[in-house]
Amino acid sequence: MNTTHSPQIPLRAVFMRGGTSRALFFRAEDLPPAGPARDSMILSAMGSPDPNKRQLDGMGAGTSSTSKIAIIAKSNHEDADIDYTFGQVSVDAPVISYKGNCGNISSAVGPYAVEEGLVETSDDQATVRIHNTNTGKIIVARFALQNGLPKLDGDFALDGVAGTAAPIALSFLAPGGSSTGKTLPTGKAREVLETDGFGAIEVSLVDVSNPIACIHAQSLDLTGRESPAEITETPGLLDKIETIRIAAAVRMGICSLVEAQTTMRNLPQIAIVSAPTDQDSPATNIVLRMISTGQAHASSPITGGMCLAAIMKLPGSVAHELARANNDASQPLTIAHPSGTLALDADISGSTVDDFSVNAVTVFRTARRLMQGEVMVPRHRISDDAEG
């Protein structure tokens with residue numbers, strides 16, 4: 001197909017599911033350098049901005065978990081094979097946030113790199129060292145191979161995804177302070193946050209791979225058992241939560257007030273937590289409802305779960321107060337969410353604010369290449385230099 005005079009530009013891309021999210025994956029070499037030209041191409045490919053919040057004119061699906069992109073390249077980092085840049089694409093605004101990472105999409109990076117021939121493998125097990133450029137952190141992905149490609153068939157069930165598949169182990173190394181430079185950005189396990197229009201609310205602020213503000217469900221007049229639809233349909237609730245997110249972003253030093261209100265709309269995530277009850281599995285440590293980019297999640301984002309797993313082990317925090325302790329400290333922590341549960345192994349040092357440190361968090365996901373080829377970008381929507 002001759003595209004010289006075509007009204008659309010074909011852009012090589014792969015559509016992948018990673019965990020409970022989906023993203024368009026791009027090779028860095030196929031995109032312009034970071035900046036407005038690159039962003040205009042990505043926004044158009046995803047169908048953003050869409051005031052109707054459906055992204056019908058692109059590859060997004062109108063939700064925060066399906067409006068994501070990944071940019072992949074070989075790495076020059078001494079501890080990594082692959083550079084991976086994550087982008088959270090706003091559904092209804094011309095904004096892509098490159099602040100923070102997505103754990104679910106991280107799980108698809110290793111398989112993508114193998115399938116693209118970006119890393120060499122020699123046996124039936126792949127180990128891919130991933131440098132996440134958003135946070136500067138290293139993630140190690142380990143997964144089985146079959147005939148040199150990622151193995152798909154397996155008996156691992158991931159809540160929120162139909163069927164079973166081969167597991168991918170993701171170890172996030174030293175994930176504390178990925179966005180703010182500190183695991184506890186304010187140096188406190190718990191504090192009272194003053195918000196504009198909502199008043200004071202008690203929170204725990206933590207940054208492990210991505211920052212979250214952890215809130216007791218009762219502080220929002222919730223039981224913690226509400227479905228995502230019930231949270232969305234409660235009058236004024238998401239607006240209240242957004243004022244808390246904005247105040248927390250400023251308090252944690254993530255960005256300025258203006259940035260939190262406009263371009264930095266995805267961080268921190270809001271973790272609404274409650275104590276497990278008899279209706280939960282005995283293995284459940286805490287119950288979670290997560291809010292990200294103004295939407296109630298149907299499951300738990302990995303990065304939000306990592307923060308929660310860490311702060312559950314910090315005395316004085318909101319999560320520690322509500323969590324059910326494991327009888328066996330070596331057992332993983334289990335977070336109940338609307339679609340099931342998320343289990344994480346958290347390697348923690350210290351038990352006070354002064355010595356608290358997160359050495360690593362390991363989670364298990366599945367991923368699959370869904371489609372490959374070219375995504376079409378209307379030429380009139382991008383700047384001239386984007387074609388180079």
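- Evaluation of the salt bridge (charged side-chain N to carboxylate O under 4.0 Å, His left out) rule for Arg27 yields Glu29, Glu116 as partners, not counting sequence neighbours.
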- Quick one: do Tyr98 and Asn266 satisfy side-chain hydrogen bond (donor to acceptor under 3.5 Å, both in side chains)? Show the steps, please. CA-CA 10 Å; Tyr98 296 103; Asn266 65 317; over 6 Å; no
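- The structure places CE of Met290 at 13.0 Å from OG of Ser65, a figure rounded to the nearest 0.5 Å.
- With respect to Arg225 and Asp280, a salt bridge is recorded, a charged nitrogen being found less than 4.0 Å from a carboxylate O.
- Looking at every heavy atom in both residues, Asp30 comes nearest to Leu11 through O-CD1, 3.4 Å.
- Salt-bridge check for Arg265 with Asp92: passed, with a basic side-chain N closer than 4.0 Å to an acidic carboxylate O.
- Contact between Pro111 and Ser107 at its shortest, heavy atoms only, is CD-O, 3.3 Å.
- In this structure, the separation between NE2 on His216 and CG on Leu222 is 11.0 Å, given to the nearest 0.5 Å.
- When atom types are taken as modelled, the side chain of Ser21 and the backbone of Gly18 share no donor-acceptor pair closer than 3.5 angstrom.
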- Message: For a side-chain hydrogen bond (donor to acceptor under 3.5 Å, both in side chains) check, start with the C-alpha distance between Ser67 and Gln55, then their side-chain angles and the critical distance, and finish with the verdict.
- Response: CA-CA 9 Å; Ser67 189; Gln55 293 176 307; 2.9 Å; yes
- Message: Using the rule given for salt bridge (charged side-chain N to carboxylate O under 4.0 Å, His left out), can you reason through Asp57 versus Arg381, listing the C-alpha separation, both sets of side-chain angles and the distance that settles it, and then say yes or no?
- Response: CA-CA 12 Å; Asp57 200 36; Arg381 293 183 185 171; 2.6 Å; yes
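- The pair Arg251-Glu194 does not meet the salt-bridge criterion, since no charged nitrogen lies less than 4.0 angstrom from a carboxylate oxygen.
- Under a 3.5 Å cut-off, the side chain of Arg17 and the backbone N or O of Thr366 do form a donor-acceptor pair.
- For Asp123, the CG atom counts as densely surrounded, since its 6.0 Å shell holds more than 12 non-hydrogen atoms of other residues, nucleotides or ligands.
- Contacts classified as side-chain hydrogen bond (donor to acceptor under 3.5 Å, both in side chains) and involving residues 162-175 (residues at least two apart or in different chains) are given here: Ser171-Thr362.
- A cation-pi geometry, defined here as NZ or CZ lying under 6.0 Å from the six-membered ring centre and within 45° of its normal, does not hold between Arg365 and Phe172.
- At distances below 3.5 Å, at least one donor-acceptor pair connects side-chain atoms of Lys137 with backbone N or O atoms of Ala174.
- Asn359 and Ser349 share a side-chain donor-acceptor pair at under 3.5 Å.
- Other members of the cluster containing Ile138 are Val140, Leu173, with ILVMFWY side chains joined at under 4.5 Å, either directly or via other members.
- Between Ser179 and Asn210 there is a side-chain heavy-atom pair separated by less than 4.5 Å.
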- Query: Going through the distances and angles, do Ser209 and Asn101 end up as a side-chain hydrogen bond (donor to acceptor under 3.5 Å, both in side chains)?
  - Reply: CA-CA 7 Å; Ser209 190; Asn101 183 23; 4.6 Å; no
